[in-house]
Each structure stands twice: as C-alpha cells, then as structure tokens.
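Nothing here was measured: the structure is a model prediction, and the numbers come from that model. Counting starts at 1 for both ligands and their atoms, in listed order.
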Amino acid sequence: MSSLERDNHGNARFCGCSSIRDFEFLGKLGEGTFGEVYKARSKKDTSVVALKRILMHNEKDGVRVPLYYSSTS
Ligand SMILES: Nc1ncnc2c1ncn2[C@@H]1O[C@H](COP(=O)(O)OP(=O)(O)OP(=O)(O)O)[C@@H](O)[C@H]1O
C-alpha cells in the first residue's frame, strides 16, 4: 500500500511507489480515454507490467504530469 509522506524540505512524496526510471519501456500497447498504455519491464525484478500514462489537462488539479500507474500485464 502506498502512502503520502513529506521529505526534509516538506515536499510530498509517495512511499511504496516505484520511480519511472525503474522501468524499461518496451512499446505502446494502446490508448484509452484518459491516456496511453505502455508495456514495460521492471529493472528491479524483470516483471513485465502495463504502465498507463494519464494525461492531465489541468495542472491546477494539483497533480504533475505525466502520472503513471502500473498493473501486471
Ligand atoms: N494490462 C494491459 N495489458 C495489455 N494491454 C493493455 C493493458 N491495459 C490496457 N491495455 C491496452 O491499452 C488500451 C487502453 O487501455 P485503457 O485502460 O487506457 O483504456 P480502455 O479501458 O480501453 O478505455 P477507457 O479509457 O475508455 O476506459 C486497451 O484498449 C488495451 O489495448
């Protein structure tokens, strides 16, 4: 389970989440209403996952773009 914590500078950080740098992109799987889905391999354990790049059109929503989440592929 991920959680939101603060670093020493007070910046919000999700714990339990992987960095996008931990994945090797293998190609685009498809596109949906809210974004694009890519096949990727974890550099940590070589598992293959689907990463969705959610396209946020309004940064005032408080989330930086792009935002990824993963599921096993
Ligand atoms: N786990 C997955 N494994 C393989 N392909 C996937 C996976 N998840 C999504 N895809 C591909 O990416 C496409 C887009 O998926 P996404 O979940 O973004 O949208 P959707 O469910 O098709 O539609 P909507 O965004 O309207 O809900 C899918 O149609 C599928 O081709």
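Close approach to Thr33 involves these atoms of ligand 1, each under 4.0 Å from a residue heavy atom: 24 (P), 25 (O), 26 (O). The Lys52 neighbourhood of ligand 1 comprises atoms 16 (P), 17 (O), 18 (O), with distances under 4.0 Å to a heavy atom of that residue. Numbered from 1 in the order shown, with element, the atoms of ligand 1 that lie under 4.0 Å from a heavy atom of Ala50 read 1 (N), 2 (C).
By the 4.5 Å heavy-atom criterion applied to side chains, Val48 and Lys39 are counted as neighbours. Annotation: side chain of Leu29 is not in contact with side chain of Tyr38 (no heavy-atom distance under 4.5 Å).
With salt bridges taken as basic N to acidic carboxylate O contacts below 4.0 Å, none links Lys43 and Glu24.
Nearest to atom 20 (P) of ligand 1 by heavy atom, out of Gly30, Gly32, Gly35, is Gly32.
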Next item on the list: Show the numbers, then the answer: is there a side-chain hydrogen bond (donor to acceptor under 3.5 Å, both in side chains) between Ser42 and Asp45?
Entry: CA-CA 6 Å; Ser42 168; Asp45 62 9; 3.1 Å; yes
